[in-house]
Chemist: 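I am attaching a structure below and will ask some questions about it afterwards.
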Amino acid sequence: AGAKDDTFSVLDLAEYTKNRPWWRKIFAPNSGSSAEKYNVATQLVIGGVTGWCTGFIFQKVGKLAATAVGGGFFLLQVANHTGYIKVDWNLVQRDMDKAKQQLKFHSSGNKMPPEVKSRVDEVIIFLKKNVILTGGFAGGFLLGMAS
């Protein structure tokens with residue numbers, strides 16, 4: 001009886017996943033578009049429901065954020081008016097001028113960095129492959145924001 005020589009190759013999943021972000025596993029070019037996996041009605045329903053949920057959450061969070069920011073400005077104005085806070089307007093003006101100069105410097109190139117351009121290209125390819133799903137999402141998002 002001959003002895004079996006079993007050899008195994010070991011795949012280190014921790015190292016493998018470090019090199020591949022989760023969104024590339026899901027939306028990888030070889031994963032196929034949703035048009036290949038689902039029919040039109042299913043794509044519209046999935047896109048519409050996820051869009052509505054996202055729009056509804058955006059609406060609620062937006063109202064909460066607007067209330068918090070507005071209330072904060074109101075409290076700061078009251079504190080300034082009553083004398084609890086003194087604003088050094090010269091310092092504010094100087095900082096604003098610095099920020100304007102930095103914005104002018106960064107926007108003068110008008111070129112996207114290559115990593116941003118590659119991400120934008122990935123998003124455009126995904127949107128082109130999944131037009132119906134994207135349309136359902138956009139419609140659902142607008143309905144969610146309106147409700």
Side-chain angles (χ1 to χ4, degrees), residues 6-81 84-147:
D6 291 332
T7 58
F8 299 100
S9 62
V10 177
L11 174 63
D12 187 6
L13 291 178
E15 283 299 317
Y16 179 73
T17 55
K18 283 181 188 175
N19 297 330
R20 294 195 61 175
W22 63 270
W23 62 85
R24 291 208 180 180
K25 292 177 206 161
I26 295 171
F27 302 117
N30 58 1
S31 69
S33 69
S34 63
E36 297 168 358
K37 298 176 188 173
Y38 305 108
N39 63 19
V40 174
T42 305
Q43 291 179 57
L44 282 174
V45 168
I46 291 171
V49 168
T50 56
W52 183 86
C53 291
T54 305
F56 187 76
I57 290 170
F58 264 64
Q59 177 201 29
K60 296 299 179 186
V61 170
K63 283 182 181 179
L64 179 66
T67 303
V69 170
F73 282 135
F74 176 72
L75 290 176
L76 285 174
Q77 287 298 324
V78 168
N80 185 29
H81 183 70
Y84 286 106
I85 296 175
K86 295 290 182 199
V87 178
D88 185 1
W89 290 109
N90 292 327
L91 180 62
V92 171
Q93 185 63 39
R94 189 172 58 226
D95 289 343
M96 291 299 291
D97 291 338
K98 280 183 191 177
K100 286 179 188 176
Q101 289 300 322
Q102 287 180 349
L103 282 174
K104 286 179 185 175
F105 176 73
H106 289 300
S107 65
S108 63
N110 264 350
K111 289 188 177 181
M112 276 194 278
E115 58 273 0
V116 173
K117 184 166 175 26
S118 68
R119 297 287 183 243
V120 168
D121 290 341
E122 285 180 23
V123 169
I124 289 172
I125 289 169
F126 175 78
L127 293 177
K128 283 181 180 178
K129 281 184 176 181
N130 302 293
V131 173
I132 297 170
L133 183 73
T134 304
F137 180 85
F141 182 80
L142 293 174
L143 287 173
M145 289 290 286
S147 61

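All values below were derived from every heavy atom in this structure, side-chain atoms included, with hydrogens, water molecules and symmetry-related copies excluded.
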Chemist: Atom CG of Asp95 and atom CG of Leu91: how far apart are they, to the nearest 0.5 Å?
Modeler: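 Nearest 0.5 Å value for the CG-CG distance: 4.5 Å.
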Chemist: CG/Leu75 to CG/Asn80 distance, rounded to the nearest 0.5 angstrom?
Modeler: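 One finds 12.5 Å between CG of Leu75 and CG of Asn80.
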Chemist: Hey, are the side chains of Val123 and Phe126 touching, using non-hydrogen atoms and a 4.5 Å cut-off?
Modeler: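 No, too far: nothing below the 4.5 Å cut-off.
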Chemist: Return the minimal non-hydrogen interatomic distance between Gln43 and Ile132, and the atom names on each side.
Modeler: OE1-CB, 3.6 Å
Chemist: Would a 4.5 Å heavy-atom cut-off, applied to side chains only, mark Asn90 and Arg94 as touching?
Modeler: no
Chemist: How far apart are the closest heavy atoms of Phe137 and Thr54, and which atoms are they?
Modeler: CE1-OG1, 3.7 Å
Chemist: Going from CD1 on Ile124 to NZ on Lys117, what distance comes out if it is rounded to the nearest 0.5 angstrom?
Modeler: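 Separation between the atoms: 7.5 Å.
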Chemist: Would you name the heavy atoms of Ser147 and Trp52 that are closest together and state the gap between them?
Modeler: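 Looking at all heavy atoms of both residues, the closest pair is OG-NE1, 3.3 Å.
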Chemist: When rounded to the nearest 0.5 angstrom, what distance separates CD1 in Ile85 from CG in Leu76?
Modeler: 5.0 Å
Chemist: Quick one: are Leu64 and Lys60 in side-chain contact, heavy atoms under 4.5 Å?
Modeler: no
Chemist: For a quick test of reading the model, state the closest non-hydrogen atom pair linking Gln59 to Met145 and the distance between them.
Modeler: NE2-O, 3.5 Å
Chemist: Under 3.5 Å, is there a donor-acceptor pair between the Asp97 and Gln93 side chains?
Modeler: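 The answer is yes; a qualifying pair exists.
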